[in-house]
Amino acid sequence: MTSFIRKIAQNPKDDIFAGITVSLAMIPEVVAFAFVAQIDPLVALSGAFMIGLITAVFGGRPGLISGAAGAVAVIFVHMISEGHSKGMLFDQPIENMGYYYLLAAVVLMGVIQIGAGVLKLGRFVRLIPHPVMMGFVNGLAIVIFMAQVRMFSHKEMSIAADGVKQYLNIPMQGAELYTMLGLVGLTMAIIWLLPKVTTKIPAALTAILVTTAIVIFGGLDVSTVGSYIIEGGGDGLKGEFPTPNKELWQNLPFNLDTFKFILPYAFLAASVGLIESLMTMNLVDDLTETRGNGNRECVAQGAGNIVSGLFGGTGGCGMIGQTVININAGGRGRLSGIMMALTLLTFILFTDKYIEQVPIAALVGVMFMMVIETFAWSSFRILRKIPVADAVVLIIVSAVTVFFDLAIAVFVGVIISALVFAWENATKIRARKRMQEDGTKTYEIWGPLFFGSVSGFLEKFDVKNDPEKVEIDFVESRVSDHSAIEAISNIVGKYEEAGKSIKLKHLSEECKILLTKGDEKFNELIIHDIDDPRYHLAADPERFTKGIHAK
């Protein structure tokens, strides 16, 4: 216990101030996501507190900030509205049924994420190429920027013909717009200039306090956290300490139909949440030159979502914007995340009236500076210097992140990168031919032999016109998978059908085992040498053996 406390309190002052700063920046964004998902802002804020606290204490990446993120919130929008409709079908109609389906989906989402951590799937985030990571960061920075631009408007509620509430964005105009721009510019200027004077005072928190003081003592009529929540249909920033949601168990039908209804949404939310959390973890790894534990982060994210769902909160994940603010403010340890969560709870319970007076302009200014810090400006400089395929991947991932979804963008980027890699390596297979003194023709194979290069490999041989003795030397090649083993077996079969002798040289021990398991004749065809390479390959011995015997 003592060692754990010592680890948490390694950088107390910076972590505490960073946590307070992040909690202030967390409120408007979480509230905005709550409106997107059509749920009570307090539900989202409670979820942000619980997920943030649990992941800060037990997560695999100190300094990473988690909360009720928009990437997860938008997934549940359709499910909530459909859940409301389902509630009307019961013998006794249940009001706000979509909310109970949301809580069940969040719990299932957490279970899936814990399963991913137990199965150690978190390590696969290390396979995400750098262009995909840069595209993700740039796209997310643009998304966050666009979200802040929407703050330069007021929400106006209207009732549609079917009775559904709708919120229209009415842009600011005139003096109100100029005041908002001036306060945003002041906030950004303080954040930029203060570190040049002193680093002992947190720049972002100072900027928020100064701008808030100017608004309060200057009597400026501007949009604040309180007015923003009320405009969106909320009752202001107030609440109670989260307690287990008993109505979930009373109103939700726990049957197969409910499971089938929430499973697709829970799985998609779990995937998006883990991808965003692990990508954010990678970003923090780069910024701090340390390394987090992806599998542990998966389990912590899952545990946080389960607790949030059971206590009536919404789902969440790692939040790149708040994480960057935390890192830039000096937050490096678990204490920063813990402080964020506890401060957020304190704001909700005790200081709601004070936080409601914080101008939205101050928080927008903080987020704008975070966007500037997050965006990989170097991508413009290196765009012409990196391979065309990498540049295309970077641009596509950025665009898909902005117009569609983070998870889709990452999947698209990884798939394109994998296909490009496979194609480039498929064209690198070479065969140098030479004749030995005894009349044996030797094929020296160069380049990787795998499913993509098999066709090129087979085209190198002239079975019909080759002499009676042939030797294939894999001196500069690497046999990578089952398709490569199959190709070697096929070319041997063709030479034997033509009545010619063939030998194989410089194969790894695993290649030899797989070939001889498939057909014992390879014991006589393989030349054993002390210089034979050692490596493993992606092949299923049983599958390959069955394939050989079936011929």
Side-chain angles (χ1 to χ4, degrees), residues 37 39 43-44 46-61 64 66-69 71-80 82-83 86 97-125 242-281 293-319 341 405-407 410-411:
I39 58 177
V43 171
S46 297
F49 157 68
M50 287 179 283
I51 295 169
L53 181 62
I54 291 173
T55 55
V57 176
F58 302 106
R61 175 65 268 179
L64 190 151
S66 297
V72 173
V74 295
I75 293 172
F76 292 127
V77 173
H78 180 69
M79 186 198 73
I80 292 171
E82 211 174 315
K86 281 179 171 288
M97 188 64 189
Y99 170 62
Y100 301 117
Y101 280 116
L102 168 67
L103 300 185
V106 170
V107 172
L108 182 57
M109 167 190 173
V111 172
I112 295 171
Q113 290 179 326
I114 289 179
V118 172
L119 295 175
K120 301 188 182 301
L121 300 182
R123 60 188 174 184
F124 288 108
V125 74
T243 56
N245 191 284
K246 297 178 181 179
E247 294 180 354
L248 169 65
W249 310 104
Q250 296 170 354
N251 296 325
L252 188 69
F254 289 92
N255 52 38
L256 184 60
D257 288 338
T258 297
F259 179 75
K260 289 166 64 176
F261 174 59
I262 66 174
L263 178 60
Y265 299 101
F267 181 79
L268 182 57
S271 301
V272 170
L274 287 184
I275 289 173
E276 183 159 0
S277 299
L278 294 175
M279 293 285 275
T280 304
M281 186 189 77
N293 187 323
N295 296 319
R296 182 174 175 178
E297 187 64 35
C298 290
V299 174
Q301 292 287 337
N305 280 302
I306 290 175
V307 173
S308 178
L310 293 175
F311 279 70
T314 187
C317 63
M319 302 178 73
D405 182 74
L406 164 67
V410 173
F411 283 130

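Predicted, not measured: the structure shown is a model, and the values here were computed from it. Any value given below was found using the heavy atoms of this structure, including those in side chains, with hydrogens, waters and symmetry copies removed.
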With no hydrogens and no angle check, do the side chains of S308 and N305 hold a donor and an acceptor under 3.5 Å apart? no
Heavy-atom pair of closest approach, residues F49 and A341: CD1-O, 3.2 Å
Going from CE on M279 to CG on L274, what distance comes out if it is rounded to the nearest 0.5 angstrom? 13.0 Å
Hey, could you give me the CG/OG distance between L53 and S66, rounded to the nearest 0.5 Å? 11.0 Å
Nearest heavy-atom contact between G83 and F261 is N-CZ, 4.0 Å
Using modelled atom types and a 3.5 Å cut-off, is there a donor and acceptor pairing between side-chain atoms of T55 and backbone atoms of I51? yes
What is the distance from atom CD1 of I262 to atom CE of M109, rounded to the nearest 0.5 Å? 12.5 Å
Step by step, would you call Y99 with I80 a side chain to side chain contact (heavy atoms under 4.5 Å, CB included)? CA-CA 6 Å; Y99 170 62; I80 292 171; over 6 Å; no
Y265 and M79 have their tightest heavy-atom pair at CD1-CG, 3.5 Å
Closest non-hydrogen atom pair between G315 and V106, with its separation: N-CG2, 3.4 Å
Test log, rule side chain to side chain contact (heavy atoms under 4.5 Å, CB included), inputs C317 and Q301: CA-CA 7 Å; C317 63; Q301 292 287 337; 4.2 Å; yes
Closest contact, heavy atoms only, V299 versus G117: CG2-CA, 3.9 Å
Min side-chain heavy-atom separation M97-P253 under 4.5 Å: yes
Give the C-alpha distance, both sets of side-chain angles, the deciding distance and a yes or no for side chain to side chain contact (heavy atoms under 4.5 Å, CB included) between V118 and C298. CA-CA 8 Å; V118 172; C298 290; over 6 Å; no
Near F267 CZ, under 6.0 Å, is it more than 12 heavy atoms from other residues, nucleotides or ligands? no
Nearest heavy-atom approach of I306 to I114 is CD1-CD1, 3.6 Å
Does L103 reach the side chain of F311, with side-chain heavy atoms less than 4.5 Å apart? no
Tell me, with the steps shown, if T258 and L256 meet side chain to side chain contact (heavy atoms under 4.5 Å, CB included). CA-CA 5 Å; T258 297; L256 184 60; over 6 Å; no
Judged by atom type as modelled, is there a donor-acceptor pair below 3.5 Å linking the side chain of R61 to the main-chain atoms of E297? no
